[in-house]
Participant: 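The following block contains the structure, expressed as structure tokens.
Quick caveat: nothing in here was measured; it's all calculated off a predicted structure. Note that the numbering runs from 1 along the sequence shown for the chain.
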Amino acid sequence: MMRRSEQEKAANRAAFQSLSPAAKAEHIWIYYKWFIILGIAALVIVGSVVYRVLTKKNPVVYMAWFNTVVGADLEQEIGPGFIRWKGLDPERNEVLVYRELYLAENDALDAHRAAYAAKIKLMAATEQKQLDLVLMSQEAWNILSEGGYLLDLQKSFSLPPALAACLSENRVILEDNTIEYELNEADELIIRTEPARNALEVSGLPMFRAAGFSEPLYLGIIANSPRQDVCMDYFQYLLEPVPGE
């Protein structure tokens, strides 16, 4: 492409200056629209990345809710309330919660699908060490305890008396050849278990008592949690009185 002479450039500038504002805008759009579009796209992408970086919260602890529904008021106490109690900024830190997870032992199709999805989520989160605390119903506690997912709290920590009184016992399955037995691959059915005090019955503690749950609710710690110290802080937080109770 031949370069324009200075005279041609000056003539083009003069012609452009003589245009009306609308004609100038049309001229710019016709000749530079792809540069403008690409520039806007680049600004949107950069702005989106910057926004995510600036607004991303740091997970202080990870929690899952199994077979339980938590109201808006209690959710504020469970998450932002703990962050404030720790002296952290709720705008920059959070209790990251996996909600609406469902575990079941029955064979109903809908329940089976929901339980399968929850188990996949559970296995992925524990494998990535992104799950620490589990809030659960009795049925969910039975499944998680028998599967060996929960830490034995009595063996792992020295709990204050108010929390030690909430310790609850379940069982952990050490050996189970039910499938082999039903397939006639084993002569004898063997199910070997051991007891474990691996959850707190929290329904009577201030935060949950105020929420008015009709059935027992349990809180446990995932066995491979790398944030057990924060979990213990959370247990201590459970003893805090609820304003207005």
Participant: When you compare the side chain of Asn58 with that of Arg92, does any pair of heavy atoms fall below 4.5 Å?
Facilitator: no
Participant: So do the side chains of Arg227 and Tyr234 get within less than 4.5 Å of each other, counting heavy atoms only?
Facilitator: no
Participant: Below 4.5 Å, heavy atoms only, C-beta onward: do Leu205 and Leu239 meet side chain to side chain?
Facilitator: yes
Participant: Is Phe208 close to Ile78 at the side-chain level, that is, under 4.5 Å between some pair of heavy atoms?
Facilitator: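 SC-SC contact between Ile78 and Phe208 confirmed.
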Participant: Considering only Ile, Leu, Val, Met, Phe, Trp and Tyr, and joining two whenever side-chain heavy atoms are under 4.5 Å apart, list the other residues clustered with Ile190.
Facilitator: none
Participant: Do Gln228 and Asp132 have side-chain heavy atoms sitting under 4.5 Å apart?
Facilitator: no
Participant: Might you confirm whether atom CG of Asp73 has over 12 heavy atoms from other residues, nucleotides or ligands at distances under 6.0 Å?
Facilitator: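 Result for CG/Asp73: open.
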Participant: Looking at Leu174, I want to see if its CG is surrounded by more than 12 non-hydrogen atoms of other residues, nucleotides or ligands under 6.0 Å.
Facilitator: yes
Participant: Please answer whether the main-chain N or O of Tyr102 pairs with a side-chain N or O of Glu100 as donor and acceptor at a distance below 3.5 Å.
Facilitator: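 No.
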Participant: Quick check for you: to the nearest 0.5 Å, what is the distance between Gln138 atom CD and Asn67 atom CG?
Facilitator: 11.0 Å
Participant: Determine whether Leu122 and Ile173 fall in the same hydrophobic cluster, where Ile, Leu, Val, Met, Phe, Trp and Tyr are linked whenever their side-chain heavy atoms lie under 4.5 Å apart.
Facilitator: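 No, Leu122 and Ile173 fall in different hydrophobic clusters.
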Participant: State, to 0.1 Å, how close Pro206 and Leu238 come at their nearest heavy-atom pair, and which atoms those are.
Facilitator: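 Pro206 and Leu238 have their closest heavy atoms at CD-O, 3.4 Å.
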Participant: Kindly check if the number of other-residue, nucleotide or ligand heavy atoms within 6.0 Å of CD (Glu215) is above 12?
Facilitator: no
Participant: What side chain to side chain donor-acceptor pair (under 3.5 Å) pairs are there with at least one residue in residues 157-171, not counting sequence neighbours?
Facilitator: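 Matches after skipping sequence neighbours: Asn142-Asn170, Glu146-Arg171.
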Participant: Between Leu167 and Leu200, does a side chain to side chain contact (heavy atoms under 4.5 Å, CB included) hold up when you go through it step by step?
Facilitator: CA-CA 5 Å; Leu167 274 173; Leu200 300 177; 4.0 Å; yes
Participant: May I ask you to check whether over 12 heavy atoms, not counting those of Lys119, lie within 6.0 Å of atom NZ?
Facilitator: no
Participant: Looking at every non-hydrogen atom in both residues, tell me the closest pair between Asp152 and Pro195 and how far apart they are.
Facilitator: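 That would be OD2-O, 4.5 Å.
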Participant: What do you reckon, is CD of Gln128 surrounded by more than 12 foreign heavy atoms closer than 6.0 Å?
Facilitator: yes
Participant: Using the side-chain contact (heavy atoms from CB on, under 4.5 Å) definition, which of the options Val61, Thr126, Ile221 pairs with Leu131?
Facilitator: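 Exactly one option meets the side-chain contact (heavy atoms from CB on, under 4.5 Å) with Leu131, and it is Thr126.
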Participant: Side chains of Pro90 and Arg84, heavy atoms from C-beta outward: is any pair under 4.5 Å?
Facilitator: yes
Participant: State, yes or no, whether a side-chain contact exists between Cys231 and Leu133 at a heavy-atom distance under 4.5 Å.
Facilitator: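 In contact.
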Participant: At their closest point, which heavy atom of Lys57 faces which heavy atom of Asn93, and how far apart are they?
Facilitator: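 Heavy atoms only, the tightest pair is CD-O, 3.9 Å.
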Participant: Taking a hydrophobic cluster as the set of Ile, Leu, Val, Met, Phe, Trp and Tyr residues connected by side-chain heavy atoms closer than 4.5 Å, whether directly or through intermediates, do Val69 and Leu144 fall within one such cluster?
Facilitator: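 No: no chain of side-chain contacts under 4.5 Å links Val69 to Leu144.
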Participant: Please identify which of these residues, Val134, Leu217, Leu150, Leu103, meets the side-chain contact (heavy atoms from CB on, under 4.5 Å) condition with Trp141.
Facilitator: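 Passing option: Leu150.
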Participant: So do the side chains of Val172 and Asn198 get within less than 4.5 Å of each other, counting heavy atoms only?
Facilitator: yes
Participant: Please say whether more than 12 non-hydrogen atoms of neighbouring residues, nucleotides or ligands are located less than 6.0 Å from CG in Asp187.
Facilitator: no
